[in-house]
Amino acid sequence: MNSNQFQLIFNGSNCFRIRIMLSILSGKPIVIKNIRLKDDRVGLREFEINFLQLIVKISNGTTFEIDETGTKLFLKPGLLIGGAINHECDLERNISYYLEPLLCFAPFCKVPLEVNLHGITNNQVDISVDTIKHSSLPLMAKVLPILGLYFIVMS
């Protein structure tokens, strides 16, 4: 049986994080091709590669391959493990770029997720870390105990 028939194939870099998140949560490998072909800076950006490296740190068995031009990504998802992780975020994006997906992954990790992210906390592109702290975390505080799950502390 050919493993290619189980891959989801996407074109372009639209919804990059969401595609990665859904691949990890569903366990389905994905291929994203033609990433920024018509852009001045062709291919994946450093912050996107940095995001993929963070995903590899919180999971077991997740692998990704990027072609030499950076215009094609193959991601094979693994299991979300969690645990204590330190990660140096790319300075082109805010910490919240990395934090939002982690909030989605946290309830599905085998071990409580304890992440120290180092980087900038505010920029013109992403929402601020304070916005997440005062909006998303209180909402999760109400939902996660109902599901019998632990909670995230942000300091």
Side-chain angles (χ1 to χ4, degrees), residues 8 10-32 34-64 66 70-71 73 75-155:
L8 298 174
F10 299 101
N11 277 309
S13 62
N14 293 342
C15 305
F16 180 79
R17 286 185 309 163
I18 293 172
R19 290 173 176 170
I20 300 299
M21 290 167 49
L22 292 176
S23 171
I24 296 292
L25 291 174
S26 68
K28 294 189 183 280
I30 62 170
V31 175
I32 304 175
N34 302 326
I35 301 171
R36 294 186 188 93
L37 277 181
K38 298 178 181 177
D39 207 12
D40 291 337
R41 293 172 47 204
V42 175
L44 286 171
R45 303 282 189 264
E46 286 298 319
F47 64 86
E48 292 167 327
I49 296 169
N50 190 273
F51 173 68
L52 291 168
Q53 292 167 342
L54 174 63
I55 300 301
V56 169
K57 286 181 183 179
I58 67 166
S59 61
N60 184 18
T62 298
T63 59
F64 66 93
I66 303 168
T71 59
L73 166 72
L75 176 80
K76 180 180 168 260
L79 297 174
L80 288 170
I81 300 299
I85 294 149
N86 286 311
H87 186 73
E88 194 69 38
C89 300
D90 189 88
L91 298 179
E92 195 172 339
R93 296 303 288 262
N94 186 344
I95 285 177
S96 63
Y97 176 83
Y98 303 90
L99 188 57
E100 288 172 323
L102 291 177
L103 290 174
C104 295
F105 291 145
F108 301 101
C109 290
K110 288 183 158 238
V111 177
L113 194 55
E114 195 176 312
V115 180
N116 289 318
L117 298 174
H118 305 279
I120 59 173
T121 58
N122 199 4
N123 67 7
Q124 299 299 317
V125 180
D126 303 303
I127 64 171
S128 73
V129 175
D130 291 328
T131 303
I132 291 177
K133 184 176 183 177
H134 296 295
S135 62
S136 299
L137 292 183
L139 179 63
M140 289 184 75
K142 291 181 180 182
V143 174
L144 291 180
I146 294 169
L147 300 173
L149 300 172
Y150 53 89
F151 186 61
I152 302 160
V153 176
M154 186 170 157
S155 57

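For reference, positions follow the sequence shown, starting with 1. The shown structure was predicted, so the numbers you read here are calculated from the model rather than taken from an experiment. Atoms considered below: every heavy atom in the structure, side chains included; atoms not considered: hydrogens, waters and symmetry mates.
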> Would you call Phe10 and Asn34 a side-chain contact if the rule is heavy atoms closer than 4.5 Å?
Replying inline: no
> What are the two closest non-hydrogen atoms of Leu75 and Ser23, and how far apart are they?
Replying inline: CD2-OG, 3.6 Å
> Looking only at heavy atoms, what is the nearest atom pair of Asn122 and Ser128, with distance?
Replying inline: OD1-CB, 3.9 Å
> Below 4.5 Å, heavy atoms only, C-beta onward: do Glu92 and Tyr97 meet side chain to side chain?
Replying inline: no
> Given side chains that start at C-beta, do those of Leu80 and Ile58 come closer than 4.5 Å, heavy atoms only?
Replying inline: yes
> Counting N and O atoms only, with roles assigned by atom type, does the side chain of Tyr98 sit under 3.5 Å from a partner on the main chain of Asp90, one being a donor and the other an acceptor?
Replying inline: yes
> So how far is it from Asn86 CG to Lys57 NZ, rounded to the nearest 0.5 Å?
Replying inline: 7.5 Å
>> For a quick test of reading the model, state the closest non-hydrogen atom pair linking Leu103 to Ser136 and the distance between them.
In response: CD1-CB, 4.1 Å
>> With rounding to the nearest 0.5 angstrom, report the CD1 to CD1 distance, Ile95 to Ile127.
In response: 12.5 Å
> What's the shortest heavy-atom distance between Ser26 and Leu22, and which atoms?
Replying inline: OG-O, 2.7 Å
> In terms of heavy-atom contacts, does CD1 of Ile18 have more than 12 from other residues, nucleotides or ligands at under 6.0 Å?
Replying inline: no
>> Taking the side chain as everything from C-beta on, heavy atoms only, tell me whether Phe51 gets closer than 4.5 Å to Arg45.
In response: no
>> I need the Phe16 CZ to Leu52 CG distance, nearest 0.5 Å.
In response: 4.0 Å
> What distance separates Ile81 CD1 from Asn60 CG, expressed to the nearest 0.5 Å?
Replying inline: 5.0 Å
>> For the NZ atom of Lys133 and the CG atom of Leu99, what is their distance to the nearest 0.5 Å?
In response: 11.5 Å
>> Just to verify, which of Arg41, Arg93, Arg19, Arg36 counts as forming a salt bridge (charged side-chain N to carboxylate O under 4.0 Å, His left out) with Glu48?
In response: Arg36
>> Working to the nearest 0.5 angstrom, can you tell me the gap between Asn50 CG and His87 NE2?
In response: 3.5 Å
>> Can you confirm whether more than 12 heavy atoms, excluding those of Gln53, are under 6.0 Å from its CD atom?
In response: yes
>> Run Ile30 and Ile20 through side chain to side chain contact (heavy atoms under 4.5 Å, CB included) and show every step you take.
In response: CA-CA 8 Å; Ile30 62 170; Ile20 300 299; 3.9 Å; yes
> Between Pro101 and Ser96, which heavy-atom pair has the shortest distance, and what is it?
Replying inline: CD-O, 4.5 Å
> Which heavy-atom pair separates Ser13 from Ile35 by the least distance, and what is that distance?
Replying inline: CB-CG2, 3.9 Å
> Applying the side chain to side chain contact (heavy atoms under 4.5 Å, CB included) test to Leu117, which of Asn94, Val129, Ile85, Leu102 qualifies?
Replying inline: Leu102
